2 protein chains.
Amino acid sequence: MAVTMKDVAEHAGVSLPTVSRVINDTSYVNAETRAKVLAAIEELQYVPNQMAASLRSNNTKTLALLVPDIASSFWTTVLRGVEDEAMARGYHVFLGNTDDDPAKEARYIDGLVRRRIDGLLIAPTAKSVPLLRRLRQQGMGCVVVHRPVSGLEIDTVRSDAYASAVILTQHLLAAGCRRIAFIGGEIEQGRLRAYRETLAAAGQVLDPALVRIGPLSEQVGEQLVNTVLARNPPPDAIFIGNNRLATGALHALGRANAQRSEPIAIAAFYDSAALSVYAPPMIAAIQPAYEIGRYSTRRLFDRLANKPVDGHEIILSNRIMIVSGAHTPSLEPAAG
Amino acid sequence: MAVTMKDVAEHAGVSLPTVSRVINDTSYVNAETRAKVLAAIEELQYVPNQMAASLRSNNTKTLALLVPDIASSFWTTVLRGVEDEAMARGYHVFLGNTDDDPAKEARYIDGLVRRRIDGLLIAPTAKSVPLLRRLRQQGMGCVVVHRPVSGLEIDTVRSDAYASAVILTQHLLAAGCRRIAFIGGEIEQGRLRAYRETLAAAGQVLDPALVRIGPLSEQVGEQLVNTVLARNPPPDAIFIGNNRLATGALHALGRANAQRSEPIAIAAFYDSAALSVYAPPMIAAIQPAYEIGRYSTRRLFDRLANKPVDGHEIILSNRIMIVSGAHTPSLEPAAG
DNA sequence: GTGAAAGCGCTAACAT
DNA sequence: ATGTTAGCGCTTTCAC
């Protein structure tokens with residue numbers, strides 16, 4: 001059917017492995033021989049068959065990134081980081097959406113293992129630990145992206161959500177807020193804990209009705225805000241623990257604040273893509289999505305190359321920003 | 001090394017092809033035999049090697065999507081559509097960013113051809129026609145996404161940008177605007193033509209200084225708006241021909257309008273993801289990104305299956321929306 | 001309905 | 001520095 005390495009070898013009057021050596025630069029080849037081979041490749045328009053190479057050599061030069069939903073600007077930016085880093089090394093990347101559904105995740109991973117990907121970057125669901133454990137036993141290179149995993153020593157790249165959440169909460173307290181609501185996703189346990197502990201440390205009692213958890217979508221963000229606003233007395237500040245929720249939540253808050261003399265203060269986990277589109281006055285923790293993507297991929301490559309690395313966790317810092325104008329996010333990180 | 005089909009066959013006491021038949025459901029197998037095989041697969045934790053299967057069967061159950069930049073919400077949503085459709089049929093998808101750079105695109109495609117992907121979904125650069133022609137000669141299934149291609153009969157899925165641009169321009173004219181600026185990307189020739197022709201049809205003379213073309217980024221969107229606003233006399237309306245530019249452009253316009261008694265009217269190509277984050281009063285053409293992704297993928301599958309299809313172009317309609325409140329996009333499509 | 005044999009296109013191990 | 005040989009794990013073809 002298509003032209004194969006054998007055809008190239010015959011055309012160039014050399015043996016088949018010599019062609020392989022030229023293509024993969026895997027051992028020295030005479031300049032003359034090399035030229036003949038290159039000419040044959042050019043003339044026959046030969047394109048190597050990676051399937052065959054992979055079957056023999058046991059590596060596919062292929063990675064995969066599994067995220068909850070690529071439609072979220074955070075994950076999009078992570079993907080861009082992964083892609084840039086992988087492409088620079090001649091690797092290609094599969095993308096998969098899990099929708100945080102363990103069944104979908106499992107189905108995806110099965111397909112990826114069949115395809116013998118060299119490594120996996122994954123934002124696991126809450127129930128993925130056994131699956132990750134099995135993958136690792138099978139020798140699959142894995143890096144967990146942006147989510148902590150308990151009960152398993154595995155490479156993880158994430159930002160320090162807890163520390164940022166403390167700063168955000170302290171900022172609201174310092175601004176005089178005394179009824180601070182929290183909305184977030186199931187997965188944001190660290191941020192919720194930071195919020196609770198910071199309030200407790202400041203001697204604040206917490207109204208449990210002001211803490212709302214829900215699935216990660218814009219619509220839910222809006223609903224959760226409306227729910228806590230309906231509480232009597234209403235909150236004087238809202239901590240939004242997730243960037244996906246933030247998109248909807250900020251809308252609802254914008255409308256609510258437009259009708260109040262004293263606006264409700266806002267702290268939010270957000271990302272730079274969303275920031276460039278909409279940024280009301282607030283204090284925000286901006287997550288380094290692109291860097292998370294790049295560092296995850298680098299760590300994966302380091303593992304694949306058996307390079308020595310220290311520790312299992314890479315923790316990047318969020319950028320804390322105080323946004324003052326309606327559409328003019330300050331470009332300077334805030335102090336503290 | 002790993003457990004192979006041969007191991008499964010021995011364990012189940014059947015021949016190797018029988019295992020293959022069970023796995024791929026490729027011919028009838030006795031219920032008993034089937035059960036034995038399935039048990040062996042389970043017991044040995046066997047995962048088929050898709051490389052080997054692909055090498056033999058000449059298909060990889062793999063697609064690729066090449067976009068200018070996945071960080072744009074439009075392409076993100078297209079990807080989601082592609083992914084959903086592909087996953088439903090057991091296909092996996094490679095993602096690539098070209099940054100509209102022909103060299104990068106070529107490098108990417110080479111890697112994909114080596115990997116023997118079954119089909120390619122691509123938003124080509126302006127210079128990709130020869131490349132596409134060659135790919136098609138090699139028998140690669142190709143669908144062009146969201147961009148018109150001239151001089152080549154190739155499957156294309158896009159929205160009717162020209163028609164929408166006419167409606168947007170007519171709307172601005174009907175609202176009494178007489179100095180309508182246009183900002184867009186190099187690639188948006190159809191939209192620019194619609195704008196020019198509609199103005200001409202209405203007997204309007206066009207100030208060439210009010211037409212600005214630039215590369216697609218938020219920053220450029222902001223710059224282009226500032227450039228046309230600096231013109232004396234200033235425009236009374238701005239037509240934003242691209243959703244990526246729109247993000248930055250709408251910021252600049254928001255600031256400008258805040259300081260004017262008579263606001264500058266806005267018409268824009270936008271997308272639903274961006275809309276849910278920020279939507280000032282304007283008339284917008286909302287592009288059906290998710291559907292473009294799904295239809296492209298379906299068309300590709302139809303071609304791969306040699307199904308008869310009529311025509312090379314699938315043209316979807318944009319949704320025309322009149323946004324009135326600051327953050328409350330009307331959910332009803334506007335008439336006309 | 002199932003098995004035996006061949007071979008997809010390449011790389012790895014060895015020989016020279 | 002290059003050639004010979006073997007075989008990666010599977011599907012296909014052809015028997016029976």
Side-chain angles (χ1 to χ4, degrees), chain A residues 1-38 40-41 44-62 90 110-111 113-118 138-139, chain B residues 1-38 40-41 44-62 90 110-111 113-118 138-139:
Chain A
M1 216 187 87
V3 26
T4 74
M5 196 175 266
K6 193 177 163 204
D7 300 327
V8 175
E10 285 169 3
H11 197 89
V14 299
S15 77
L16 198 147
T18 299
V19 179
S20 174
R21 290 191 261 258
V22 169
I23 288 174
N24 300 309
D25 212 24
T26 186
S27 92
Y28 192 83
V29 177
N30 249 356
E32 262 181 70
T33 320
R34 168 182 224 83
K36 277 194 297 186
V37 171
L38 257 18
I41 289 175
L44 300 179
Q45 293 261 48
Y46 169 66
V47 183
N49 185 329
Q50 177 78 36
M51 293 301 117
S54 294
L55 179 59
R56 191 62 240 256
S57 66
N58 266 317
N59 70 333
T60 53
K61 304 261 180 220
T62 297
D110 179 61
V113 173
R114 281 172 189 243
R115 283 167 180 76
R116 298 294 191 265
I117 56 167
D118 292 340
Q138 293 170 6
Chain B
M1 212 187 86
V3 25
T4 75
M5 196 175 265
K6 193 177 161 204
D7 300 327
V8 175
E10 284 168 4
H11 197 89
V14 299
S15 76
L16 197 146
T18 299
V19 178
S20 173
R21 287 190 262 259
V22 169
I23 288 174
N24 301 307
D25 212 25
T26 186
S27 92
Y28 192 82
V29 177
N30 250 355
E32 262 182 70
T33 320
R34 168 182 224 85
K36 278 194 296 187
V37 171
L38 257 19
I41 289 176
L44 300 180
Q45 293 260 50
Y46 169 65
V47 183
N49 184 328
Q50 177 77 36
M51 295 300 118
S54 295
L55 179 58
R56 191 64 240 256
S57 67
N58 265 316
N59 70 333
T60 52
K61 305 260 180 222
T62 297
D110 179 61
V113 173
R114 281 172 188 244
R115 282 166 180 76
R116 298 294 192 266
I117 55 166
D118 292 339
Q138 293 172 6

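All values derive from a computational prediction rather than experimental measurement. Each chain gets a letter, A, B and so on, in the order its sequence line appears, and its residues count up from 1.
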- Message: If I take atom CZ in residue A:Arg56 and atom C1' in nucleotide C:dC10, what distance separates them, rounded to the nearest angstrom?
- Response: 8 Å

- Query: What's the NZ-P distance between A:Lys6 and C:dG9, to the nearest Å?
  - Reply: 10 Å

- Message: Regarding C:dG3, can its base be found pairing with the side chain of B:Arg21 as donor and acceptor, where the two atoms are less than 3.5 Å apart?
- Response: yes

- Distance in angstrom units between A:Met51 CE and C:dG7 P, rounded: 23 Å

- Query: To the nearest 0.5 Å, how far apart are CG in B:Asn58 and CE in A:Met51?
  - Reply: 10.5 Å

- Item | Candidates D:dT2, C:dT11, D:dG9 - which lies nearest the side chain of A:Asn30 | D:dT2

- Item | Which nucleotide in C:dG3, D:dT11, D:dA1 has an atom nearest any side-chain atom of A:Tyr28 | D:dA1

- How far apart are the closest heavy atoms of B:Ser27 and B:Arg21, and which atoms are they? OG-CD, 3.1 Å

- Compare every heavy atom of B:Ala12 with every heavy atom of B:Ala40, then report the nearest pair and how far apart it is. CB-CB, 3.9 Å

- Picking from A:Ile23, A:Val22, A:Val19, A:Val14, what satisfies side-chain contact (heavy atoms from CB on, under 4.5 Å) with A:Val8? A:Val19

- Item | Short side-chain N/O contact to C:dC10 OP1/OP2 from A:Ser20, under 4.0 Å | no

- Among D:dC10, C:dC10, D:dT4, find the nucleotide with the atom closest to the side chain of A:Pro17. D:dT4

- Note on the structure: If each end axis of the helix from C:dG1-D:dC16 to C:dT16-D:dA1 is fitted on five C1' pair positions, the angle between them, to 10 degrees, is 30°

- Query: Are any of A:Asn24's side-chain N or O atoms less than 4.0 Å away from OP1 or OP2 of C:dT11?
  - Reply: yes

- Task: Check every strand shown and say whether B:Thr33 touches a base, only sugar-phosphate, or nothing at a heavy-atom separation below 4.0 Å.
- Result: sugar-phosphate

- Item | Rounded distance (Å) that lies between atom P of D:dG9 and atom CZ of A:Arg114 | 16 Å

- Message: Please pick, from D:dG7, D:dG3, C:dG9, the nucleotide with the shortest atom-to-atom distance to any side-chain atom of A:Thr18.
- Response: D:dG3

- Task: Measure the distance from CG on B:Leu55 to C1' on C:dT11 and round it to the nearest whole Å.
- Result: 12 Å

- Which value, rounded to the nearest 0.5 Å, describes the distance between B:Thr62 atom OG1 and B:Arg116 atom CZ? 13.0 Å

- Whole-Å distance, A:Glu32 CD to D:dA1 P, equals 13 Å

- Query: Between atom CG in A:Leu16 and atom C1' in C:dA12, what is the gap in whole Å?
  - Reply: 13 Å

- Query: Rounded to the Å, how far apart are A:Asn49 CG and C:dT11 C1'?
  - Reply: 13 Å

- Query: Looking at CD1 of A:Ile41 and NE2 of A:His11, how far apart are the two atoms once the value is rounded to the nearest 0.5 Å?
  - Reply: 11.0 Å

- Item | side-chain contact (heavy atoms from CB on, under 4.5 Å) between A:Thr4 and A:Glu10, intermediate numbers included | CA-CA 10 Å; A:Thr4 74; A:Glu10 285 169 3; over 6 Å; no

- How do B:Ser15 and B:Arg116 order along DNA chain C: which one's closest nucleotide is nearer the 5' end? B:Ser15

